[in-house]
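Quick caveat: nothing in here was measured; it's all calculated off a predicted structure. Just so you know, ligand 1 is whichever comes first in the structure, and atom 1 is the first atom listed for that ligand.
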Amino acid sequence: MIIAVDGPVAAGKGTLARRIADKYGFKYLDTGALYRAVGLSLLQKGQDPNAEDLAVEAARNVADISLADPELRLEHVGNAASIVAANQGVRAALLDYQREVAEHSPGAVLDGRDIGTVVCPAAEVKLFVTASAEVRALRRFDELTAKGEDVKLAQVLSDLKERDARDQGRASAPLAKAEDAHLLDTTKLDIEAALDAAYEIIEKHLPTKT
Ligand code: DC
């Protein structure tokens with residue numbers, strides 16, 4: 001069983017997807033971490049994330065990069081990820097890896113931007129998790145300040161809007177809600193309420209036990 005969780009940056013999809021995977025004993029894959037790993041690998045070698053061939057090369061070797069590296073979570077790495085994510089060759093190089101994980105038995109939860117539309121269009125459950133830009137910026141701001149990063153809310157909001165525009169506007173697999181995805185707006189929901197809403201949707205699609 002495949003559960004696709006898509007949505008814009010800081011909508012809460014990572015936390016939701018991880019908790020859903022835990023509950024059902026499914027494999028979890030944060031696909032954003034793959035793009036971040038490609039971005040980080042270029043930055044570490046002093047290479048430009050806009051250098052298309054180098055980015056594709058890094059994507060082909062993504063299995064060699066630890067997806068648990070805390071550096072992946074840094075803001076500048078997220079920005080590099082957003083640049084390499086617009087590269088068609090990078091997306092193609094990461095596709096097989098993502099589909100392999102999706103085949104995991106008894107199930108897998110993948111979160112990202114194009115899981116329900118491109119990576120796993122036949123996923124049994126598709127959730128599109130979103131929230132207003134202001135609420136997402138505030139959540140990201142709290143997260144960054146808790147980590148000791150010195151950031152301004154206005155800057156976080158403008159970076160987030162820039163990232164949204166890049167993710168939605170790119171030609172290749174732009175961020176979009178699949179037609180058959182369930183919309184989950186978390187603007188006014190805390191994580192537990194969002195999870196309850198997600199479980200209610202998922203339970204309807206679970207195979208019935210015999
Ligand atoms: O979810 P995140 O912030 O870790 O994602 C980092 C970048 O990777 C984001 O700008 C969009 C891109 N991305 C993508 O294009 N497709 C995915 N399936 C996941 C992430």
Side-chain angles (χ1 to χ4, degrees), residues 2-18 20-21 27-43 49-50 52 55-56 58-59 62 65-102 108-121 123 126-131 133 136-137 139-141 143-144 147 149 151 156-178 181 184 186:
I2 302 174
I3 302 179
V5 183
D6 289 304
V9 63
K13 61 185 186 309
T15 312
L16 270 176
R18 197 172 285 113
I20 292 168
K27 176 103 176 157
Y28 167 63
L29 179 65
D30 166 7
T31 65
L34 301 175
Y35 293 91
R36 286 172 181 267
V38 174
L40 180 61
S41 144
L42 294 165
L43 295 175
N50 290 293
E52 298 201 355
V56 173
V62 79
I65 307 168
S66 162
L67 298 183
D69 186 338
E71 261 197 73
L72 292 178
R73 309 311 324 162
L74 297 176
E75 274 301 272
H76 72 282
V77 176
N79 283 324
S82 167
I83 294 169
V84 303
N87 178 329
Q88 171 59 38
V90 168
R91 304 200 73 84
L94 296 179
L95 206 50
D96 285 349
Y97 180 79
Q98 295 174 81
R99 287 185 174 155
E100 229 168 82
V101 173
V109 183
L110 278 74
D111 84 45
R113 304 293 192 287
D114 63 339
I115 309 304
T117 50
V118 175
V119 180
C120 303
K126 298 180 186 178
L127 302 175
F128 191 82
V129 185
T130 190
R136 289 186 288 125
R139 288 178 190 159
R140 180 46 58 92
F141 174 79
E143 219 175 272
L144 294 171
K147 276 196 279 179
E149 285 198 43
V151 286
V156 174
L157 178 60
S158 94
D159 286 353
L160 181 138
K161 286 183 172 169
E162 198 182 302
R163 187 103 69 89
D164 279 356
R166 211 183 298 145
D167 291 346
Q168 286 160 4
R170 64 172 178 241
S172 178
L175 167 68
K177 177 184 166 300
L184 196 55
T186 67

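In the vicinity of Ser82, heavy-atom distances shorter than 4.0 Å reach the ligand 1 atoms 10 (O). Close approach of ligand 1 to Lys13 (heavy-atom distance below 4.0 Å) involves ligand atoms 1 (O). Residue Asp167 has at least one heavy-atom neighbour below 4.0 Å for each of these atoms of ligand 1: 9 (C), 10 (O), 11 (C).
Remark: side-chain polar atoms of Thr186 are paired, donor with acceptor, to backbone N or O of Ala11 under 3.5 angstrom. Side chain of Asp167 to backbone of Leu175: no donor-acceptor contact under 3.5 angstrom is found. Checked by atom type and distance alone, the side chain of Arg99 pairs as donor or acceptor with a backbone atom of Val119 at under 3.5 Å. Under a 3.5 Å cut-off, the side chain of Asp6 and the backbone N or O of Asp114 do form a donor-acceptor pair.
Put simply, CD1 on Ile115 and NZ on Lys126 are 11.0 Å apart, with the number rounded to the nearest 0.5 Å. Here the CG-CZ distance, from Leu144 to Arg139, works out to 14.0 Å after rounding to the nearest 0.5 Å. Taking NZ from Lys27 and CD from Glu100, the interatomic distance works out to 10.5 Å, rounded to the nearest 0.5 Å.
When hydrogens are left out, the protein atom nearest atom 8 (O) of ligand 1 is Tyr35 CB, 3.5 Å; that is the closest non-hydrogen contact. Looking from atom 1 (O) of ligand 1 to the surrounding protein, the closest heavy atom is Arg113 NH1, 2.8 Å. Counting only heavy atoms of the protein, atom 3 (O) of ligand 1 lies nearest to Arg36 NH2, 2.9 Å. Ala81 CB, 3.7 Å is the protein heavy atom nearest to atom 7 (C) of ligand 1. In this structure, atom 12 (C) of ligand 1 lies nearest to the protein heavy atom Ala85 CB, 3.7 Å. Protein heavy atom at the shortest distance from atom 20 (C) of ligand 1 is Gly32 CA, 3.5 Å.
Ligand 1 has a nitrogen or oxygen under 3.5 angstrom from a nitrogen or oxygen of Thr31.
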request  = Begin from the C-alpha positions of Glu143 and Glu149 and carry the test side chain to side chain contact (heavy atoms under 4.5 Å, CB included) through to its verdict.
outcome  = CA-CA 9 Å; Glu143 219 175 272; Glu149 285 198 43; over 6 Å; no

Practice problem: Test side chain to side chain contact (heavy atoms under 4.5 Å, CB included) on Lys13 and Phe128 and set out the steps. | Solution: CA-CA 8 Å; Lys13 61 185 186 309; Phe128 191 82; over 6 Å; no

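Counting heavy atoms under 4.0 Å from ligand 1, residue Arg91 touches it through the side chain alone. Contact annotation: for Arg140 versus ligand 1, there are no heavy atoms closer than 4.0 Å. Contacts between Arg170 and ligand 1, counted as non-hydrogen atom pairs separated by less than 4.0 Å, involve the side chain only.
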